[in-house]
Number of protein chains: 4
Amino acid sequence: MTETVYDFRSDNVGGIAPELLEAITAANVGTASPYGDDDFTRGMTARFRRTFEHDRLSVFPVATGTGANAVALAGLANAFGAIYCHATSHINVYECGAPEHFTGAKLVALQGADYKLHPEPLAAALGLAGRGNPTRVQPFALNVTQPTDFGTLYTVEEVRALCDVAHRHGLLVHLDGARFANALAALDCTPADMTWRAGVDVVSFGATKNGAMNAEAVVVFDEAAAARLPFLMKRGGQVLSKARYVSAQLDRYLADDRWLERARAANANARRLAERLTAIDGVTLAGPVQVNMLFTRMPSAAVAALDRGPFHYYKLGHEQRFVCRHDQETAGMDALVAAVAGTLA
Amino acid sequence: MTETVYDFRSDNVGGIAPELLEAITAANVGTASPYGDDDFTRGMTARFRRTFEHDRLSVFPVATGTGANAVALAGLANAFGAIYCHATSHINVYECGAPEHFTGAKLVALQGADYKLHPEPLAAALGLAGRGNPTRVQPFALNVTQPTDFGTLYTVEEVRALCDVAHRHGLLVHLDGARFANALAALDCTPADMTWRAGVDVVSFGATKNGAMNAEAVVVFDEAAAARLPFLMKRGGQVLSKARYVSAQLDRYLADDRWLERARAANANARRLAERLTAIDGVTLAGPVQVNMLFTRMPSAAVAALDRGPFHYYKLGHEQRFVCRHDQETAGMDALVAAVAGTLA
Amino acid sequence: MTETVYDFRSDNVGGIAPELLEAITAANVGTASPYGDDDFTRGMTARFRRTFEHDRLSVFPVATGTGANAVALAGLANAFGAIYCHATSHINVYECGAPEHFTGAKLVALQGADYKLHPEPLAAALGLAGRGNPTRVQPFALNVTQPTDFGTLYTVEEVRALCDVAHRHGLLVHLDGARFANALAALDCTPADMTWRAGVDVVSFGATKNGAMNAEAVVVFDEAAAARLPFLMKRGGQVLSKARYVSAQLDRYLADDRWLERARAANANARRLAERLTAIDGVTLAGPVQVNMLFTRMPSAAVAALDRGPFHYYKLGHEQRFVCRHDQETAGMDALVAAVAGTLA
Amino acid sequence: MTETVYDFRSDNVGGIAPELLEAITAANVGTASPYGDDDFTRGMTARFRRTFEHDRLSVFPVATGTGANAVALAGLANAFGAIYCHATSHINVYECGAPEHFTGAKLVALQGADYKLHPEPLAAALGLAGRGNPTRVQPFALNVTQPTDFGTLYTVEEVRALCDVAHRHGLLVHLDGARFANALAALDCTPADMTWRAGVDVVSFGATKNGAMNAEAVVVFDEAAAARLPFLMKRGGQVLSKARYVSAQLDRYLADDRWLERARAANANARRLAERLTAIDGVTLAGPVQVNMLFTRMPSAAVAALDRGPFHYYKLGHEQRFVCRHDQETAGMDALVAAVAGTLA
């Protein structure tokens, strides 16, 4: 911890935003009912209703993103169901089977350009799903990851088109918003536009990657799912004893524009870093930079230079992933660009 | 939140101890690897090894007690297994099926005086369990809740006697220590004495009810279980993205004697409250006061007086449960005693 | 297989009744659609509708009793549910966790005299079940085993009283009728009286123990459950490829009175054997003989005599269980009585 | 049932082979221990050991193919595991999630020409599986379907190559042999060659599609899996009460060469039918005919002619599937060819 390291691995290597730490401290007064039956959680719920312009939504505070996804999907699920998702989605690859474990359902993974689902292939897959055929798992939910784990974005119209296909086939829609703020900042739309107005039924609303301390929320627009969730939360070991400290963060998170400012800054850092790296001969992008991450391809000499440090980042096959935080050190980005440029000059 | 309420419902209505909030703040510097691969978690592990005098134990930080129990048991479990526990145990009654869900096993609930398991009936039950008979679920784990949900305590010898029976029958032992500190303070023994030296294989180590902010630990002495746990943690949605903030609390929690002082104070408050209440004619205890909770029986007029406020407490049938925190307000205890005494005078 | 053995262990040691073997042979003509979409299964369904006087029931043929119970309960279940049953019920003790595995629910075991559930304690337990409390599994089904594994019987009025309590608390009722015919013969009532008219929602209808070859039926009166069952059957590996051979048996089974005659004969054999054994000084019954099994207590010398053969029977602690088939050999019963009487004379 | 229909849908529309029905009848003598603890099952086990030239294998008789697959895989599985299989495999598409339900594992579906897995892409996928990474499900089993649901065959060398890759990566291998006999007949090798000598650890041995009455066997070469299976069988509702009738069939099935003769006849029927159909201008095969099924492409006028009857067959998109039995009616094949030829002439 004494050596300087510039960390581009993920946005969750960052700390707690000052106002959220203050919110925790401010909530540390007196007693409060446990398990979410407290005024902080009620206030947080009211805040989400205003922010999402939806006066009947329910919110469940949780500590982990995988917990949020797994419980959210369980709210929509049944035991012989299928959850449609992209093959590269977080729920399909990086949650060690938690969504299947909590739902009892099967994930059906579809391919799609830009790491995204597309309406026509989705409709085609659902048309072949064997609705009513007892040898086949029955489609009940669609997972849309916004942004994707590869930094690509769905437009609001694209979300709506997927929701329309899903609803026409009787599925409910889950939006995995681990980087909800980054997507919202990039699309410059309202939370309502990106979710229920487009047809989304339940959201995993991530705050941890954008400055919170292990604070996520399951936001439920579908009332039948909301009625099941308290039990599924407990059965999943997700109900927080002292929920007030997570609720207080989430309430404060949405209280002003800082969450969006942080997301915009992170997105801008990634865009700027991409511009500087691709200005170097031999470095290209594996895809567009739409939120706060970039995937590059560069000669192995440059990769070797990065590996000599002091940089942390991920490699995926022949690509390099760099994720930017709102408070990414300028010195770190300068050093990264210099290391690559120096090698390839 | 404006009116004064004296809250005797549970110890998790309390806040965060100052030094733990400071530990969170102190950890909020720079970047840290996510998911527990960070120096705070490594330091916390070293601390647990010293505190428990066991240099190969593993620790997994989690946010909820139910998550800790469910994952800990899953580390010991198999799909056709039986977990033996007391009929009144937390895992059997108050976790909405999480232990079954995470393990795929069946809970076998035994009766026992003082809400405790006893070696002879346990041995008898295991003798009739049908080991090797494929129509019967196969015993693989014993759950000991220390202290019990009804405030009774196992002595170290009692824990050892149960572990001996369990091990003789091929079971591993899980100790649910949601109130680990209160038990330790009451027994005045070491953590090692109360756990692995007595034969315990895995512990749910609770800190939340004793001043932490949603911080529990799964402490694993059994190495085979430890190897399985990282996967079970993730599959259970229990892996914290910014684990450093929970690990920093747990490290600080064990760094000096404040955790035990708080537990002793809470226990003493309960004992003192019990003495004062039972000094009133008509008030009796439903059982001994061994940690920080008491169960009383009192005339309905006294109950009615309490219900006029400003008191929060739980009723279980004809009994009243009062749980004391270390920082239970003296004014609240005085007022409670006065309300009962005034009615029964 | 060459030595004569008189087998009193269970009714499933017996063979296939002649008319059922004929039905299998008769069905072995031409081709038939697999998986129950065949004329034999349709005819069998029509037969069950007539026999049960219920024109909308659904029937699912299965090969095992545990499969029938587990799938039937899954039709009623949800993931955070509780199934109430007697502590000694087959689903609780002898199915290696299959009901939990297929339902995701928890079995809540109640005590009760005569190995039976009783309305008042059931109502009391349901009153304390914590409906709506997310820390508690939520009651959704009641299991009534008719007759019980210990040979006791519910009267029709008793079944109705339990169903009334269950329905008042929002539970559906499953009747485990592994020995349906023996119960019906003993009560001398109609299938409708013992099931849906009394409030039962789904039945595991056993035929194997009464002359069929691995042929059971899940009979569903509740239409929502019936809609879920085809999928749960497949997910449970219970859908028979050549269902016609099970359906043909079940159709033939109900086509005349032989199933009841066999059950009456088996019941009478048990009653007669009980009379003869208890006429011997020192032999007593552990309970009433209401169907085709008896539980005795006798001096250890008599037990030792039986163990010298040529008898098969089960011991449960200090009791001996004898189950009679319709075709129990007279020589075997004579020899059994002689062995005991000879020892105790 | 009175009109003549020529049924090419599947081999399980056929009846029971005469010698197997005789074996059932012959087993219908006296009493037998239930649940597989009988002489018929012991004899059947000895027979499998001889046939497979493996003196320590275990066999578990079951009634359904899905039950066999799900239980077999559960014998190999753990809760956070991955089962690798072809995207078109039966376990992935047509078992309504039973394999996931019984194992708690995730199916990882790979693409591959001829509906088959291939060693290099399998090795590549396993190399990227994230062994030891707790965010990823951990590979533990490989499913090889022999023949595939699309009638293609693995050579013995191909099975061995897949097993080698699997074992190198720590996976055990399950062979789904619903049409084991057809594969064996086509390859003209021994059961041992196609299974354990090639590296297979557990087999779903199907007999139903080749003349048995709901009789399949889980054949286990791996001793650790064998020790778990009795419990997993019961928990899965797969243990047959009167197992003798399934075991007697399986024993008789392997007692002479009729099972292989039937399979050869079925394969030959398919080959001959394919030759005759492809001799018609406009009819082509979608793939090679390696066992008893063929997939054709033909003009829509020919399809329409078939749909006028009296034929049963399946359509998959623009292809037609015809499965042949050993006793496929010559008249039916003639009529089918004539209907197509008449339309396209």
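By convention in this document, chain letters (A, B, ...) are assigned in the order of the sequence lines, proteins followed by strands, and residues within each chain are numbered from 1.
The shortest non-hydrogen separation linking B:P230 to D:P134 is O-CB, 3.6 Å. Across all their heavy atoms, D:F80 and B:R228 have their closest contact at CE2-O, 4.0 Å. Of all heavy-atom pairs between D:R136 and B:F231, the closest is O-CD2, 4.1 Å.
To the nearest 0.5 Å, atom NZ of residue B:K234 and atom CG of residue D:N133 are 9.0 Å apart.
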